[in-house]
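Here's the structure, in structure tokens; my notes come after.
These numbers were taken from a predicted model, which means no experiment stands behind them. By convention in this document, chain letters (A, B, ...) are assigned in the order of the sequence lines, proteins followed by strands, and residues within each chain are numbered from 1.
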Amino acid sequence: MKAPIFDYIKANSLSEVFDLMEKWGEDARIIAGGQSLVPAMNFRLTTPSLLIDINGIEELKGITHSQSTLNIGALTRHYELGTSEEVTKHAPLLSKAVPHIAHEAIRSRGTFGGSLVHADPSAEIPACAMVLDGRFQLQSRQGCRSVSARDFFKGLFETAMEPGEILVSADFDVNEDGYQSALCELERRQGDYATIGVAARAKTDSGNLFDLRLVYFALEDKPILANHAAAILEGSRGDEAAIAAAKTELTKDLNPIGDLHTSANTKLHLAKVLLERVVKNLLKHAKGTDD
Amino acid sequence: MTEKLYPLTFTLNGSTITRHVTSRLSLADFLRTEMNLTGTHVGCEHGVCGACTIRVEGRLSRSCLMFAIQVEGMTVETVEGLNASGELHSLQEAFHELNALQCGFCTPGILITAAQLLQETPLPSRKQIRDYLSGNYCRCTGYHAIVDAVEQASQKQAERR
Ligand SMILES: Cc1cc2nc3c(=O)[nH]c(=O)nc-3n(C[C@H](O)[C@H](O)[C@H](O)COP(=O)(O)OP(=O)(O)OC[C@H]3O[C@@H](n4cnc5c(N)ncnc54)[C@H](O)[C@@H]3O)c2cc1C
Ligand code: FES
Ligand code: FES
């Protein structure tokens, strides 16, 4: 199908965006990469009266880092995230996520910020941002506020953003020595949305797992922290007994929602399979072998 | 109701194009209906099938997921442009020789994607070819012949170099 009629304005500055959002209210939509919005418009699932194109706004671009913080601009394209040396060094989990996001033609336009705001429960970047305790900068006419990833994702395509706000960038603590990260997902085809996935990070340099954080995606209506399972594995060497106990504990963390292709029970089973894989992956890296 | 028209100037296959377009005209439809460049195919209109894949600013893009108005000031290349520049030569030869197309609906999108792969990775492995083409559906060939053809084209190009 074709998109319905709308007005189009390419904004040059944030203040222009705020003006337009004030004037048009809920009828206006921001377009970043358009890789989620345009399909929805073509299907007429969403019918904005005004598209505010933010692709020309410099303040939303670029990746910078200070001693302790990596800052990723909302307009960073998926391919830029995947090829940035700074991201590989300071937030390697995000680099590892990129090959799983769609296909090259979509990664060349889709943006980091768009993925966060769209909040698809099957998307990789929101889950990784939760693992890494990201902090999102939301700006409006009234000023800027910072919201942690854990408080940001509220449900299916639902976030803590208020009307009139725009996501400017996200901050992450730079990766500390001794930490490893990994992302495992099952997908029908390379680049498809995940059937189920898990992103993880832990301190592994001693060969034991410390400070383990596990976030599942494509399982419920938003990314889910598996704290019970992580607590069981804390301090362990990821041995069979620890993994078996953690798999049992996962039922306390997860309450999967089945979809067209995969039932809730199957998802829970697959969550356990991925738990073992992701732990092995974290520890494999610890022993100095790369995959 | 007459729809508002927006001025648009951009570079298409090396030439400057100036037109007026409605905001909701997709880049794919613009190329096909206004420019008569019907090599860009339209299948799903939601980014999944890959038939509409083109190059924007030197990178692959889905032309069904961009509005024409968005390429103001940019450089766009379609399969016709790549054909004229000779970039597709080895791929076309290999696709012909190895029967890597049947109905041909997917072929322009696959050729342009494969051309981009060979530009980035001149001698890709079969796995790399499969991964890179994973966003392009073909309902006819079963893909093996396509992978064979891209592999053969990459080897031929390497020999010529
Ligand atoms: C075939 C296909 C396969 C895909 N597969 C995957 C996949 O496997 N994994 C995955 O994660 N994604 C996948 N995607 C989605 C892709 O990653 C999108 O790029 C991403 O979800 C949205 O980013 P965007 O920049 O395109 O946002 P847009 O489509 O431009 O916008 C999405 C929403 O966010 C809002 N928005 C965007 N930027 C901002 C901002 N800075 N501030 C406030 N609001 C904003 C828009 O108003 C809109 O509501 C796929 C897409 C397609 C078409
Ligand atoms: S028509 Fe654009 S991807 Fe299918
Ligand atoms: S040749 Fe028919 S779809 Fe590919």
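For the pair B/Arg59 and A/Tyr79, the cation-pi test (distance below 6.0 Å, angle within 45°) is passed.
A/Tyr8 is listed as a side-chain neighbour of B/Tyr6, based on a closest heavy-atom distance under 4.5 Å. Under the 4.5 Å side-chain criterion, counting only non-hydrogen atoms from C-beta, B/Arg62 is in contact with A/Ile106.
Neither the backbone nor the side chain of B/Ser26 comes within less than 4.5 Å of any heavy atom in chain A. A/Asp7 touches chain B through backbone and side chain together, each having a heavy atom under 4.5 Å away. Neither the backbone nor the side chain of A/Leu37 comes within contact range of chain B; no heavy atoms are under 4.5 Å apart. Residue B/Glu57 does not touch chain A at all, counting heavy-atom pairs closer than 4.5 Å.
Among A/His103, A/Arg109, A/Glu104, the single residue meeting the side-chain contact (heavy atoms from CB on, under 4.5 Å) criterion with B/Leu60 is A/Glu104.
The choice from A/Gly34, A/Ala102, A/Pro99, A/Pro4 that makes the most heavy-atom pairs within less than 4.5 Å of chain B is A/Pro4. Contact count versus chain B (heavy atoms, under 4.5 Å) is highest, among A/Ala105, A/Gly33, A/Ala40, A/Pro39, for A/Ala105.
Rounding to the nearest 0.5 angstrom, the gap separating the CD atom in A/Gln35 from the OG atom in B/Ser61 is 7.0 Å.
Using a distance-only test at 3.5 Å, with no hydrogens or angles considered, no donor-acceptor pair links the side chain of A/Asn42 to the main chain of B/His46.
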Derivation of the side-chain contact (heavy atoms from CB on, under 4.5 Å) call for B/Gln70 and A/Asp53: CA-CA 8 Å; B/Gln70 289 186 286; A/Asp53 190 336; 3.5 Å; yes
Show your working on side-chain contact (heavy atoms from CB on, under 4.5 Å) between B/Tyr137 and A/Arg189 and close with a plain yes or no. CA-CA 11 Å; B/Tyr137 277 140; A/Arg189 219 175 26 149; 3.1 Å; yes
